[in-house]
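These numbers come from a predicted model, not from an experiment. Numbers for residues simply follow the sequence, beginning at 1. Note that these values count all heavy atoms, side chains included, but never hydrogens, waters or copies made by symmetry.
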Amino acid sequence: MINNVVLVGRLTKDADLRYTSNGTAVATFSLAVNRPFTNQKGERDADFINCVIWRKSAESFANFTRKGALVGVEGRIQTRSYDNQQGQRVYVTEIVVETFSLLESKAKSDERKDQNDSQPGSHGSQQKTYNNTQSNSQDAAPRNQQYQNFGNSDPFEKSGQPIDISDDDLPF
């Protein structure tokens, strides 16, 4: 059987990071995913899809994303049920995320955040900071640096020197 889901969308709010009683990290969030067609008014509708992510990935997701972030997720669809306080059976369908990708640069994300904060009637967005007591801080630093220079232009444009590349250095 195949149960594979790939989605690209924007976070509707900051991920909700929690810990189970045995200390396992779990984050829940909702993705707004545009439909590939327009409605009768010519507007694009969106689906709001609930997702859950576990362990170290949950902590990283909560630390590196915020409301409005463009992300890609891969995982599987899962249905579960529980009895609510009124004794009714409630069914929940959600995506269990196995991997995720940040699809916009930090600079672009910060620019969008600044535009939202400067709009009239905006109360600003609150950025959550989570203490990651179970992770190794050395693991988080390279990942953060990886996205720091994302989107920069040609690193050689201001050097003024020709670039000497041997045919042996080329991958083809």
(message) What I want to find out is whether Glu104 reaches Arg10 closely enough, with some N-O distance under 4.0 Å, to be called a salt bridge.
(response) yes
(request) Using modelled atom types only, decide if a donor and an acceptor are shared between the side chain of Asn84 and the backbone of Gln88 within a distance under 3.5 Å. (result) yes
(request) Can you see which heavy atom on Phe37 is nearest to which on Arg44, and at what distance? (result) N-NH1, 3.2 Å
(message) Less than 4.5 Å apart, side chain to side chain, heavy atoms only: is that true for Glu59 and Phe64?
(response) no
(request) Would you check, one step at a time, whether the test side chain to side chain contact (heavy atoms under 4.5 Å, CB included) holds for Thr93 with Ile77? (result) CA-CA 7 Å; Thr93 301; Ile77 196 165; 3.7 Å; yes
(message) Would you say that Tyr82 contacts Tyr91 through its side chain, given a criterion of any heavy-atom pair below 4.5 Å between the two side chains?
(response) no
(request) Calculate, to the nearest 0.5 Å, the distance between atoms CD1 and NZ belonging to Ile53 and Lys56 respectively. (result) 11.5 Å
(request) Measure the shortest side-chain to side-chain distance between Asp16 and Phe29 over non-hydrogen atoms and say whether it is less than 4.5 angstrom. (result) no
(message) Does any part of the side chain of Thr99, heavy atoms only, come nearer than 4.5 Å to the side chain of Val73, both counted from C-beta?
(response) no
(message) Quick one: does any side-chain atom of Thr24 pair with a main-chain N or O of Thr20 as donor and acceptor, under 3.5 Å?
(response) no
(request) State the CG-CE distance between Asn3 and Met1, to the nearest 0.5 angstrom. (result) 11.0 Å
(message) Side-chain heavy atoms nearer than 4.5 Å, only ILVMFWY residues, links allowed to pass through others: does that put Val97 and Val26 together?
(response) no
(request) Would you please test Val92 and Thr79 for side chain to side chain contact (heavy atoms under 4.5 Å, CB included) and show each step? (result) CA-CA 6 Å; Val92 178; Thr79 303; over 6 Å; no
(message) In this structure, would Leu102 and Val33 fall into the same cluster of hydrophobic residues linked by side-chain contacts under 4.5 Å?
(response) yes
(request) Identify the heavy atoms of Leu103 and Gly72 that sit nearest to each other, and give their distance. (result) CD1-N, 3.5 Å
(request) Determine the interplanar angle of the Phe61 and Phe100 rings, folded into 0 to 90°, and report it as parallel if under 30°, tilted if 30 to 60°, perpendicular if over 60°. (result) perpendicular
(request) Determine, for Lys67 against Asp14, whether the closest basic-nitrogen to carboxylate-oxygen distance falls under 4.0 angstrom. (result) no
(message) Other residues, nucleotides and ligands only: do more than 12 of their heavy atoms fall within 6.0 Å of CD on Gln85?
(response) no
(request) State yes or no: do Val96 and Leu7 share one hydrophobic cluster built from I, L, V, M, F, W and Y residues joined by side-chain heavy-atom distances below 4.5 Å, directly or via other members? (result) no
(message) Is there a path of hydrophobic side-chain contacts, each under 4.5 Å between heavy atoms, that joins Leu11 and Val5?
(response) yes
(message) Measuring from atom CG of Leu31 to atom CZ of Phe48, what distance do you get when rounded to the nearest 0.5 angstrom?
(response) 10.5 Å
(message) Quick check: closest heavy atoms across Thr65 and Val71, and the distance to 0.1 Å?
(response) CG2-CG1, 3.9 Å
(request) For the pair Asp47 (side chain) and Ile49 (backbone), establish whether a donor and an acceptor sit closer than 3.5 Å, ignoring hydrogens and angles. (result) no
(request) Taking all non-hydrogen atoms of both residues into account, name the closest pair between Ala15 and Ala27 and its distance. (result) CB-CB, 4.5 Å
(message) When you compare the side chains of Arg80 and Gln78, does any donor N or O come within less than 3.5 Å of an acceptor on the partner?
(response) no
